*Asks:* 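Below is one structure. I have some questions about it.
Residue numbers begin at 1 in each chain, while the letters A, B, ... track the order of the sequences. Computed from a prediction, not measured in an experiment: that's the story for all the values here.
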Amino acid sequence: MASEIKVDTISEKTSGSGVSIDGAVIKDGKVTGGAAGLTLITSGSVSAATAIDLDNIFTSTFVNYLITFNGQSNESGNEDLRVRMNAGGSQDTTANNTNAGATPYKEGSSGMNVETALTDTYYRMIAAWLNGQPFTFMLNVLSPQATANTCFHSSLHSMYNSGSHGASVASNIAAGIKSETTSFDGIYIYAGGSQTMTGSYRVYGYN
Amino acid sequence: MATLEEHKAQVKIDKPEGTVKVHKNGTDIFIEGDAYNAWVDDVAASRLDKEQNGWEENRIREYPTIADQLDDIYHNGLDAWKVTIKKVKDDNPKPGE
């Protein structure tokens, strides 16, 4: 029995099944099973879009999901970046989302804005939008498919112009719960105002 | 102060039907019909909320910190401090004030 195999390429034999190695399955560039960490589910680029609407990304394969965005905002304004869950291609607009977030910033000296909500129809990341300036966020979505509440943990960083203090930057750290045990399969991420975003997103699954 | 219906009308002027782009499942689409109207409702509600409640958030954000205000009072006196505070209030008026 060989203790080492050296080849240049291993391809799946049975079309559609991938390659299995000691419990881990490699399929179309993605690794699932075993002790896998983050697994890329989908990715894409948006250009001047007011929302990212993704269906059929949450499945029974993973319990939790990480969504990242790296890009810029295209219009200025103080508006939230909001999240709604999708089920069967439709947004869930039930007013059962809690949210608490803190936004540290520095204007002259320093400060922090705190916002909370108990019955919003969305989860929110407090954002500021400044035309043509960097805009990035990471959003963890816990248990969207399980018969348990869907939970959110996020961080967002953006630039803004406060008027009296001029241009500045702010980061928002927030968490919240959607008190509903519906099995969600998608997500709708959108600007609270009519701002748009340009950049790239990635969706990872993990257990 | 504008009503919700007035905000909806303004949103439709700012972003007419056929101009709102959504990245849906890897493809850019311009929402129309019910999807567009639902989007208008959301944006208008957000604008109304900002109009009614945004002044407080903006004031909190724009006031100097307590440390800076104390420093301002120590160096420049209460009258100068009041000028600074009044500007923030005037820039972010409370509805009905």
Side-chain angles (χ1 to χ4, degrees), chain A residues 42-57 69 74-75 77-80 82 84 86 89-91 93 103 105-115 120-122 124 126 128 160 162-165 168 170 186 188-201, chain B residues 7-8 10-17 19-31 34-36 38-51 53-72 83-92:
Chain A
T42 188
S43 63
S45 298
V46 300
S47 177
T50 193
I52 299 172
D53 193 3
L54 302 172
D55 295 314
N56 302 315
I57 57 170
F69 179 84
N74 297 111
E75 298 176 33
N78 290 325
E79 290 288 352
D80 303 327
R82 299 178 176 177
R84 282 183 177 149
N86 293 344
S90 298
Q91 288 176 40
T93 58
T103 308
Y105 58 89
K106 186 173 179 64
E107 292 176 348
S109 182
S110 61
M112 181 152 66
N113 181 33
V114 176
E115 295 285 342
D120 277 343
T121 63
Y122 48 82
R124 63 176 173 175
I126 300 169
Y160 67 99
S162 70
S164 62
H165 296 281
S168 190
Y188 181 72
I189 302 170
Y190 66 107
S194 57
Q195 291 80 16
T196 63
M197 49 193 153
T198 293
S200 58
Y201 65 88
Chain B
H7 276 297
K8 288 181 184 178
Q10 187 60 50
V11 172
K12 289 182 178 179
I13 293 171
D14 294 343
K15 294 287 180 74
E17 188 167 8
T19 66
V20 178
K21 185 194 292 183
V22 170
H23 181 82
K24 186 170 182 60
N25 299 326
T27 302
D28 289 340
I29 62 170
F30 290 94
I31 54 176
D34 290 345
Y36 172 74
W39 178 84
V40 170
D41 290 349
D42 273 340
V43 175
S46 178
R47 289 186 182 183
L48 181 64
D49 180 60
K50 285 287 180 188
E51 191 174 72
N53 305 307
W55 62 272
E56 187 175 19
E57 182 180 328
N58 291 337
R59 283 185 181 181
I60 291 170
R61 178 180 289 176
E62 295 191 18
Y63 282 138
T65 64
I66 296 299
D68 284 346
Q69 290 186 45
L70 290 172
D71 198 49
D72 187 21
V83 169
T84 301
I85 299 302
K86 186 176 186 307
K87 183 178 187 318
V88 175
K89 290 181 181 295
D90 290 346
D91 287 346
N92 304 283

*Asks:* What I want to find out is whether A:Arg82 reaches B:Asp42 closely enough, with some N-O distance under 4.0 Å, to be called a salt bridge.
*Replies:*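 Judged by the 4.0 Å cut-off on N to carboxylate O distance, A:Arg82 and B:Asp42 do not form a salt bridge.
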*Asks:* Taking B:Lys24 for its side chain and A:Leu54 for its backbone only, find out whether a donor-acceptor pair lies under 3.5 Å.
*Replies:*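 No, because the side chain of B:Lys24 does not come within donor-acceptor range (under 3.5 Å) of the backbone of A:Leu54.
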*Asks:* Is it the backbone or the side chain of B:Asp14 that comes under 4.5 Å from a heavy atom of chain A, or both, or neither?
*Replies:*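 Neither the backbone nor the side chain of B:Asp14 comes within 4.5 Å of chain A.
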*Asks:* Salt bridge check, A:Glu79 against B:Arg47: does any charged N sit closer than 4.0 Å to a carboxylate O?
*Replies:*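 A salt bridge is absent here (no side-chain N lies under 4.0 Å from a carboxylate O).
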*Asks:* Relative to chain B, which segment of A:Tyr201 carries a heavy atom at a distance below 4.5 Å: side chain, backbone, both, or neither?
*Replies:*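 When you check distances to chain B, only side chain atoms of A:Tyr201 fall under 4.5 Å.
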*Asks:* With rounding to the nearest 0.5 Å, note down the distance linking OG in B:Ser46 to OH in A:Tyr190.
*Replies:*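 Here the rounded value is 8.5 Å.
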*Asks:* For B:Asp90, enumerate each residue passing the salt bridge (Lys or Arg N to Asp or Glu O under 4.0 Å) test, keeping only those at least two apart in sequence or located in another chain.
*Replies:*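 Partners of B:Asp90 under the salt bridge (Lys or Arg N to Asp or Glu O under 4.0 Å) test: B:Lys86.
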*Asks:* Do A:Ile189 and B:His23 have side chains that get closer than 4.5 Å, going by heavy atoms?
*Replies:*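 Not in contact.
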*Asks:* State, with a plain yes or no, whether a side-chain heavy atom of B:Asn25 is found less than 4.5 Å away from one of A:Asp53.
*Replies:*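 No, their side chains stay 4.5 Å or more apart.
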*Asks:* For the interface with chain B, which of A:Gly186, A:Ser43, A:Ser45, A:Gly44 has the highest count of heavy-atom pairs at distances below 4.5 Å?
*Replies:*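 Of A:Gly186, A:Ser43, A:Ser45, A:Gly44, A:Ser45 has the most heavy-atom pairs under 4.5 Å with chain B.
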*Asks:* Return yes if some donor-acceptor pair links the side-chain N/O of B:Lys21 with the main-chain N/O of A:Ser47 below 3.5 Å, else return no.
*Replies:*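 Confirmed, B:Lys21 side chain pairs with A:Ser47 backbone.
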*Asks:* Of all residues at least two apart in sequence or in a different chain, which pass the ring pair (Phe, Tyr, Trp, His ring centres under 6.0 Å) check with B:Tyr36?
*Replies:*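 Once residues adjacent in sequence are excluded, B:Tyr36 has no partner under the ring pair (Phe, Tyr, Trp, His ring centres under 6.0 Å) criterion.
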*Asks:* Measuring heavy-atom distances to chain B, does A:Asp55 have an atom under 4.5 Å in its side chain, in its backbone, in both, or in neither?
*Replies:*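 Both backbone and side chain.
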